[in-house]
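Being a predicted model, the structure only gives us computed values, none of them experimental. Values below: every heavy atom of this structure, side chains too, minus hydrogens, waters and symmetry copies.
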Amino acid sequence: MKRTTLFLLISLFVSSTSWSQDENAINGFMYQGDSLMSNYNTFEALNCYQQAFDLNDCAMTRMKLANCYYQRVAYRQVTDILKVMSEDSLSHDALRQLVFSYHKLSDVPAMVYWAEQTVKRHPMDAEIVSKLTSGFSQLNQPQNGVECALQYVKVDSTSIEVNRALENAYFMNFQFDKAAEMGERLLALGDSAFTTLFLTGLSYSKLDSLEQTYSMLLKAATINEFKNDVCVKRLGTTCLKMKRYDEGLEYLNIAKKLIYPDTLVMRSFTLALAEANYMTQHPQEAIDAWEQHIQYNPNTLAVYYNIANAYAYLLDNSGQAKTYYNLFLERAKAEKNPTPQLLEMIERAENMIRELPVDELENSRIPIEKDLKQDSISNEDIPNDSIKIGF
């Protein structure tokens, strides 16, 4: 009996000593991690917190590790660590990190869930209330967003963030009069952001209040330097309704330029699309893309030549081939200082026109991989064209 008792006492002592050593190690890792975090060294701090967590998986080590991941913008790791914890054990900061992490991950349902849990415990957290209100609107539940925001506004009606979310929820809930009222409140609070002015203008437009619509949309367009096509278009159509035709036409022309694709971007895109189709053995689709490119770059020379080659060598369409060879020659011969390569291409095109039959090319067909690619000409090698075909 004495031996058994002695054995138990020794075991308890060893266990206690082991735990004490582990506890010291955990505290050491945590202290070192905190020190590193205070110097914004999240890389080394992460290793410290991970070692503390490996020694003792508890609420404290989990939240420390999650916070470090959050500071490192590793939002998936944050949610994986915190979502399995008991909600009662989560600190306010941990709850907020769950909300913002799911927001960054575009997981709206999860963001709304954790925002609800946070607001239940911290109803005056304006940032989370606004996120919850906006989340409800994104889930097509604006009425819940209105209810959520109004609970906060009863206590604090001056939060710009909550009022913005409430204005949007009212608008989404087709309560345009309330939305306009919230917009005016925001303006009175000093909020002059584009989104506030624009949304308030849209609300007034739904109420057929042309003067207020015009005023808000003009302010919104001005502050945004007339770069938002939807806003400028709305401003233009509002002017037409007010019979301010010249002004409306001016805004609509601005909107047209904004809506029309960026010419340089479309030039590059259509050339890439043509190359992709050509390389995947889709000559007609490549021709379609080249023809679209001509709309954005009518002075091109190389594209006409490439289309002609595609019709001649790949589609056996001598009629279309001759048409595009002639279009190429018409433009190429107008160049005052043709390069040697361009002169060579002119000669080839003239030879092709003479050799092509009336209906179709002779049976000898030049392979895609070599001759068409060889006969293609890069726009950068000839004048008046800075866009390179992707060959």
**Student:** Do you know which two heavy atoms are closest between Leu342 and Pro338, and how far apart they sit?
**Tutor:** CD2-CB, 3.8 Å
**Student:** Which atom pair, heavy atoms only, marks the closest approach of Thr196 to Glu167?
**Tutor:** O-OE2, 4.0 Å
**Student:** With sequence neighbours excluded, what pairs up with Gln71 under the side chain to side chain donor-acceptor pair (under 3.5 Å) test?
**Tutor:** Asn67
**Student:** Would you give the length of the straight line joining atom SG of Cys239 to atom CD of Glu250, rounded to the nearest 0.5 angstrom?
**Tutor:** 9.0 Å
**Student:** Closest approach of Arg234 and Ser205, non-hydrogen atoms and distance?
**Tutor:** NH1-OG, 3.8 Å
**Student:** Atom SG of Cys68 and atom CE of Met37: how far apart are they, to the nearest 0.5 Å?
**Tutor:** 4.5 Å
**Student:** Tell me every residue that passes salt bridge (charged side-chain N to carboxylate O under 4.0 Å, His left out) with Arg72, counting only those two or more places apart in sequence or in another chain.
**Tutor:** none
**Student:** Return the OG to CE distance between Ser91 and Met85, rounded to the nearest 0.5 Å.
**Tutor:** 8.0 Å
**Student:** Look at atom CZ of Phe226 and say whether more than 12 heavy atoms of other residues, nucleotides or ligands are closer to it than 6.0 Å.
**Tutor:** yes
**Student:** Can you name the residues that form a side chain to side chain donor-acceptor pair (under 3.5 Å) with Glu344, not counting sequence neighbours?
**Tutor:** Arg348
**Student:** Are there more than 12 heavy atoms of other residues, nucleotides or ligands under 6.0 Å from atom CD of Glu147?
**Tutor:** no
**Student:** Suppose we screen for side chain to side chain contact (heavy atoms under 4.5 Å, CB included). Which residues come up paired with Gln77, at least two apart in sequence or across chains?
**Tutor:** Tyr69, Ala74
**Student:** Just checking, any donor-acceptor pair under 3.5 angstrom between side chains of Asn27 and Tyr31?
**Tutor:** no
**Student:** Just checking, any donor-acceptor pair under 3.5 angstrom between side chains of Tyr70 and Asp93?
**Tutor:** no
**Student:** Please name the pair of heavy atoms, one in Ala169 and one in Gly145, separated by the smallest distance, quoted to 0.1 Å.
**Tutor:** CB-C, 4.3 Å
**Student:** Mind checking whether Val78 and Leu82 have side chains closer than 4.5 Å, heavy atoms only?
**Tutor:** yes
**Student:** Measuring from Lys131:NZ to Arg96:CZ, what's the distance to the nearest 0.5 Å?
**Tutor:** 9.5 Å
**Student:** Measuring only between side-chain heavy atoms, which start at C-beta, is Ile259 closer than 4.5 Å to Lys256?
**Tutor:** no
**Student:** Exactly one of Leu166, Leu132, Asn168 should register a side chain to side chain contact (heavy atoms under 4.5 Å, CB included) with Ser137. Which one does?
**Tutor:** Asn168
**Student:** Search all heavy atoms of Ser130 against all heavy atoms of Glu161 and return the closest pair with its distance.
**Tutor:** OG-CG, 3.3 Å
**Student:** For Glu211, what residues pass the salt bridge (charged side-chain N to carboxylate O under 4.0 Å, His left out) criterion, not counting sequence neighbours?
**Tutor:** none
**Student:** Quick one: are Leu197 and Leu217 in side-chain contact, heavy atoms under 4.5 Å?
**Tutor:** no
**Student:** Hey, can you tell me if Phe194 and Phe198 have their rings parallel, tilted or perpendicular (30° and 60° cut-offs)?
**Tutor:** parallel
**Student:** Group every Ile, Leu, Val, Met, Phe, Trp and Tyr by side-chain heavy-atom contacts under 4.5 Å, then state whether Leu150 and Val155 land in the same group.
**Tutor:** yes
**Student:** Apply side chain to side chain donor-acceptor pair (under 3.5 Å) to Tyr113 and list each qualifying residue two or more places apart in sequence or on a separate chain.
**Tutor:** Glu87
**Student:** Please round to the nearest 0.5 Å and tell me the distance separating atom CG of Asn173 and atom CG of Asn144.
**Tutor:** 9.5 Å
**Student:** Show which side-chain atoms of residues 177-190 pair as donor or acceptor with protein atoms under 3.5 Å away, not counting sequence neighbours.
**Tutor:**
unit_1: Glu184; atom_1: OE2; unit_2: Tyr204; atom_2: OH; d: 2.7
unit_1: Arg185; atom_1: NH1; unit_2: Asn163; atom_2: OD1; d: 3.3

**Student:** By side chain to side chain donor-acceptor pair (under 3.5 Å), which residues pair with Asn39, not counting sequence neighbours?
**Tutor:** none
**Student:** Does either side chain, that of Tyr251 or that of Glu247, offer a donor lying less than 3.5 Å from an acceptor on the other one?
**Tutor:** yes
**Student:** Run the side chain to side chain donor-acceptor pair (under 3.5 Å) test on Asn47 and Gln50 for me, step by step, so that the C-alpha distance in whole Å, both residues' side-chain angles and the decisive distance to 0.1 Å come before the verdict.
**Tutor:** CA-CA 5 Å; Asn47 181 56; Gln50 184 66 58; over 6 Å; no
**Student:** Cut-off 3.5 Å, no hydrogens considered: what does the side-chain donor-acceptor table look like for residues 99-109, sequence neighbours left out?
**Tutor:**
unit_1: Ser101; atom_1: OG; unit_2: Gln97; atom_2: O; d: 2.7
unit_1: Asp107; atom_1: OD1; unit_2: Ala110; atom_2: N; d: 3.3

**Student:** Please determine whether salt bridge (charged side-chain N to carboxylate O under 4.0 Å, His left out) holds for the pair Glu350 and Lys333, giving the CA-CA distance in whole Å, both sets of side-chain angles, and the decisive distance to 0.1 Å.
**Tutor:** CA-CA 11 Å; Glu350 289 175 336; Lys333 290 182 177 181; 2.7 Å; yes
**Student:** Please determine, by modelled atom types, if Ser86 and Asp88 share a side-chain donor-acceptor pair under 3.5 angstrom.
**Tutor:** no
**Student:** Once you measure the plane-to-plane angle for Phe176 and Phe171, does it fall in the parallel (<30°), tilted (30-60°) or perpendicular (>60°) bin?
**Tutor:** perpendicular
**Student:** When you compare the side chains of Asp288 and Gln284, does any donor N or O come within less than 3.5 Å of an acceptor on the partner?
**Tutor:** yes
**Student:** Evaluate whether atom CE of Met124 has more than 12 neighbouring non-hydrogen atoms of other residues, nucleotides or ligands under 6.0 angstrom away.
**Tutor:** yes
**Student:** Restricting to side chain to side chain contact (heavy atoms under 4.5 Å, CB included), what partner residues turn up for Leu249, sequence neighbours left out?
**Tutor:** Asn253
**Student:** Report the residues that fulfil salt bridge (charged side-chain N to carboxylate O under 4.0 Å, His left out) with Lys64, sequence neighbours left out, ordered by chain and then residue number.
**Tutor:** Asp34
**Student:** For the hydrophobic clusters of this structure (ILVMFWY residues joined by side-chain heavy atoms under 4.5 Å, transitively), does one cluster hold both Ile160 and Ile128?
**Tutor:** no
**Student:** Side chains of Gln320 and Asn317: do they bring a donor and an acceptor to under 3.5 Å?
**Tutor:** no
**Student:** Can you tell me how far the CG atom of Leu315 sits from the CD1 atom of Ile287, to the nearest 0.5 Å?
**Tutor:** 4.5 Å
**Student:** Is the number of heavy atoms from other residues, nucleotides or ligands within 6.0 Å of CZ (Arg121) greater than 12?
**Tutor:** yes
**Student:** Phe328 and ring-ring contact (aromatic ring centres under 6.0 Å, His included): which single residue from Tyr305, Tyr304, Trp290 fits?
**Tutor:** Tyr305
**Student:** Stepwise, does the side chain to side chain donor-acceptor pair (under 3.5 Å) test hold for Asp316 with Tyr311?
**Tutor:** CA-CA 6 Å; Asp316 290 340; Tyr311 275 124; over 6 Å; no
**Student:** Can you name the salt bridge (charged side-chain N to carboxylate O under 4.0 Å, His left out) partners of Asp246, sequence neighbours left out?
**Tutor:** none
**Student:** Can you see which heavy atom on Leu301 is nearest to which on Ala332, and at what distance?
**Tutor:** CD2-N, 3.7 Å
**Student:** Consider only side-chain N and O atoms of Thr61 and Asn56, and report whether a donor and an acceptor are under 3.5 Å apart.
**Tutor:** no
**Student:** Can you name the one residue among Asp191, Thr195, Thr133 that meets side chain to side chain donor-acceptor pair (under 3.5 Å) with Arg164?
**Tutor:** Asp191
**Student:** Quiz question: by atom type and distance under 3.5 Å, do the side chains of Tyr324 and Glu291 form a donor-acceptor pair?
**Tutor:** yes
**Student:** Just wondering, do Val129 and Cys148 contact through their side chains at under 4.5 Å, heavy atoms?
**Tutor:** yes
**Student:** Is there a side-chain contact between Thr237 and Leu252, using heavy atoms and a 4.5 Å cut-off?
**Tutor:** yes
